[in-house]
**Q** 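Pasting a structure here, questions to come.
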Amino acid sequence: MTVMPLEKEIAVRYGGELRGLREAAGLTQTALAHAANTSKSTISAVERGITVPTPVLREAFDRELGKGHLARIWEELTGDGREAWKREVAELIDAASAVYEYLVLVWPAHLQTEAYAHALIRYGAQWLSADEVGSRARDRAMRAQRLTDTEHPRLWLVADEALLYRRYGGSETTREQLSLVTGLVESGRVTLQLIPMDTPPHPGTSGPFKLITTKSLPDVMFAESAREGQLVTNTTETANWRMQFAALQSAAMGPEATLTRLKAELRKLDDE
């Protein structure tokens, strides 16, 4: 018997509740999408347990259908109130054929060394115990190792050059992290382009985002903040974000110039 991952079970059970309430109310998916200010494809994905709804969507669903019931269901399913989207995005990336990602402040979780992840988690979530910080850092490092050891997904990254100046965990931790990224770029596993600090018409002001392409699902755009994430499967919206990623690539250095810049920063770290 196959055991369903907890986050998938949450998505499936919540989606089933949503579908039941929608049908009982006599609403089509299109009508609910209009009322919740989203797309029919998003409603369908949530009801089938493919997509975990954002807090904004859950509030809209509860307003239109749940009258508090869906909020209670979510709390019961998630227990401590944690958001399931982080795990869902990790699973989407692991199963993806390609990921196109724009970075601003940190290297992505799926490309972090344990020391780098430890520094980020320690300072970014100071309420966690030392054991919790260590466990999460090890999980991220294991994910990075799995991606390093495989050929898929292909990773296309555009990063603001300011990322190179951030010394999370100190010079040695930063050097280890940058060495990992540089090695992946040199091997062709990752395609990386940096947007120079002095680029005036910067198209990345909307913040970091990911475009995730899989073989069996529609393309997904994921944008995140400290408190929540937004998963978008609407084809028009994902096409718009593909244009945004192309604009970022156009504003960035080429891959070869980027690799030269990475190596220069590594030499600088050697002297620190």
Side-chain angles (χ1 to χ4, degrees), residues 1-14 49 52-55 58 71-96 99 101 103-150 153 155 157 159 163-184 189-190 207-208 210 212 222-231 269 272:
M1 174 179 174
T2 301
V3 178
M4 185 181 297
L6 178 59
E7 283 72 21
K8 182 64 175 176
E9 182 180 350
I10 289 170
V12 169
R13 290 181 61 188
Y14 182 91
V52 175
T54 67
R58 295 201 305 272
R72 288 192 297 274
I73 289 294
W74 181 263
E75 185 63 28
E76 290 173 5
L77 291 174
T78 58
D80 59 2
R82 60 182 167 71
E83 300 294 352
W85 54 264
K86 290 184 179 179
R87 285 288 185 181
E88 184 187 9
V89 171
E91 290 174 3
L92 282 171
I93 290 173
D94 288 344
V99 177
E101 186 165 4
L103 317 170
V104 179
L105 297 177
V106 299
W107 297 105
H110 45 277
L111 290 181
Q112 293 177 7
T113 66
E114 184 172 339
Y116 183 81
H118 193 282
L120 293 181
I121 297 167
R122 177 188 172 196
Y123 292 112
Q126 298 191 29
W127 55 88
L128 295 177
S129 69
D131 286 344
E132 289 174 312
V133 172
S135 176
R136 295 189 185 191
R138 286 190 294 275
D139 285 346
R140 290 190 188 184
M142 288 173 63
R143 285 196 65 213
Q145 188 60 55
R146 288 199 301 271
L147 280 172
T148 299
D149 293 342
T150 59
L155 301 174
L157 310 179
L163 192 157
L164 298 186
Y165 297 95
R166 298 184 178 277
R167 303 294 195 245
Y168 298 112
S171 297
E172 185 55 39
T173 294
T174 302
R175 190 190 189 291
E176 181 188 28
Q177 175 63 43
L178 194 56
S179 293
L180 171 65
V181 173
T182 301
L184 292 173
R189 179 69 181 84
V190 171
K210 301 173 178 65
I212 304 170
F222 176 71
E224 64 181 296
S225 67
R227 286 292 300 159
E228 64 181 77
Q230 180 185 18
L231 287 165
L269 282 162
E272 289 186 4

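Scope of the values below: all heavy atoms of this structure, side chains included, with no hydrogens, waters or symmetry mates.
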**Q** Within the side chain of Arg140, is there an N or O that forms a donor-acceptor pair under 3.5 Å with the backbone of Ala109?
**A**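 Absent.
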**Q** What residues form a side-chain contact (heavy atoms from CB on, under 4.5 Å) with Thr182, not counting sequence neighbours?
**A** Leu178, Glu186, Leu259, Leu262, Lys263, Leu266
**Q** Measure the shortest side-chain to side-chain distance between Tyr168 and Leu105 over non-hydrogen atoms and say whether it is less than 4.5 angstrom.
**A**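 The answer is yes; the side chains approach within 4.5 Å.
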**Q** Would you mind writing out the side-chain donor-acceptor pairs for residues 119-131 within the sub-3.5 Å range, not counting sequence neighbours?
**A**
residue	atom	partner	partner atom	Å
Gln126	NE2	Tyr123	O	3.4
Ser129	OG	Glu132	N	3.2
Ser129	OG	Glu132	OE1	3.3

**Q** Could you note down all residue pairs passing salt bridge (charged side-chain N to carboxylate O under 4.0 Å, His left out) where residues 163-177 supplies at least one of them, sequence neighbours left out?
**A**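 Qualifying pairs, neighbours excluded: Arg167-Glu265, Arg167-Glu272, Arg175-Asp270.
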**Q** What is the minimum heavy-atom distance between Ala96 and Ile212, and which atoms define it?
**A**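 The answer is CB-CG2, 3.7 Å.
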**Q** With a 3.5 Å cut-off and sequence neighbours excluded, list the donor-acceptor pairs that the side chains of residues 141-148 form with protein atoms.
**A**
residue	atom	partner	partner atom	Å
Arg143	NH2	Asp94	OD1	3.3
Gln145	NE2	Asp149	OD1	2.9
Gln145	NE2	Asp149	OD2	3.2
Thr148	OG1	Ala144	O	2.8

**Q** Would you say that Leu157 contacts Leu111 through its side chain, given a criterion of any heavy-atom pair below 4.5 Å between the two side chains?
**A**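 Yes, close enough: below the 4.5 Å cut-off.
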**Q** Tell me every residue that passes side chain to side chain donor-acceptor pair (under 3.5 Å) with His110, counting only those two or more places apart in sequence or in another chain.
**A**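 Expected list: Glu101.
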**Q** Would you check if the side chain of Tyr116 reaches a backbone N or O of Trp107 as a donor-acceptor pair within less than 3.5 Å?
**A** yes
